[in-house]
Amino acid sequence: MARRIIEQRLSDELKDSEFAFLGTNPIHLIQIYEQVKNRFPDLCDDEYLCSTHCKSGNNLPEWKHVVRGDMQFMKRRGLAQRTDNVGEWIFHPLV
């Protein structure tokens with residue numbers, strides 16, 4: 001199923017920012033979610049769940065799936081990496 005406009009806007013904002021608003025220190029996924037929601041509250045719909053979006057989805061908000069997908073996009077571009085600590089990431093934005 002195609003993304004709703006709100007999730008596409010969130011993805012565009014995250015990719016455009018290269019997650020630079022998170023800084024360059026290691027940060028845990030839970031903190032990433034908090035910072036994204038604080039920065040883009042109007043684009044983080046907690047009521048729209050992954051299970052609503054796709055058949056194999058879970059009961060987490062779809063916007064969190066968007067965040068994780070964009071983190072993987074950044075990783076493929078060499079602008080983010082996972083640390084040895086589970087759930088922890090480092091971002092290296094170019095902006």
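Reckoned from all heavy atoms, side chains included, excluding hydrogens, waters and symmetry mates. Nothing fancy with the numbering, it's 1 onward along the sequence. Quick caveat: nothing in here was measured; it's all calculated off a predicted structure.
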Side chain to side chain, [X] and [Y], heavy atoms closer than 4.5 Å:
X: Arg9; Y: Asp42; answer: yes
X: Trp63; Y: Ile6; answer: no
X: Leu14; Y: Phe21; answer: yes

[atom1] of [X] to [atom2] of [Y]: how many Å apart, nearest 0.5 Å?
X: Tyr48; Y: Leu60; atom1: OH; atom2: CG; answer: 14.0 Å
X: Gln8; Y: Leu43; atom1: CD; atom2: CG; answer: 11.0 Å
X: Leu22; Y: Ile27; atom1: CG; atom2: CD1; answer: 4.5 Å
X: Lys15; Y: Leu10; atom1: NZ; atom2: CG; answer: 10.5 Å
X: Glu62; Y: Cys44; atom1: CD; atom2: SG; answer: 11.5 Å

Give a yes or no answer on whether the side chain of Gln81 reaches the backbone of Ile90 with a donor-acceptor pair at less than 3.5 Å.
no
Whether Ser11 side chain and Glu7 backbone form a donor-acceptor pair below 3.5 Å:
no
Hydrophobic cluster identity match, Met71 and Val86, side-chain contacts under 4.5 Å:
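No; tracing contacts between hydrophobic side chains, which count when under 4.5 Å, never links both residues.
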Ring pair (Phe, Tyr, Trp, His ring centres under 6.0 Å) contacts touching residues 68-94 (sequence neighbours left out)
Phe19-Phe91
Which atom names give the shortest non-hydrogen contact between [X] and [Y], and what distance separates them?
X: Asn59; Y: Leu49; value: O-CD2, 3.6 Å
X: Gln72; Y: Arg82; value: NE2-NH2, 3.3 Å
X: Pro61; Y: Asp45; value: CB-O, 4.0 Å

Donor on one side chain, acceptor on other, His28 and Gln31, under 3.5 Å
no
May I ask you to check whether Asn38 and Glu34 show a side-chain donor-acceptor distance below 3.5 Å?
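No, because no side-chain N or O of Asn38 sits under 3.5 Å from a partner of the opposite role on Glu34.
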My understanding is that only residues two or more places apart in sequence, or in another chain, count here; which of them pass side chain to side chain donor-acceptor pair (under 3.5 Å) with Thr83?
Glu88
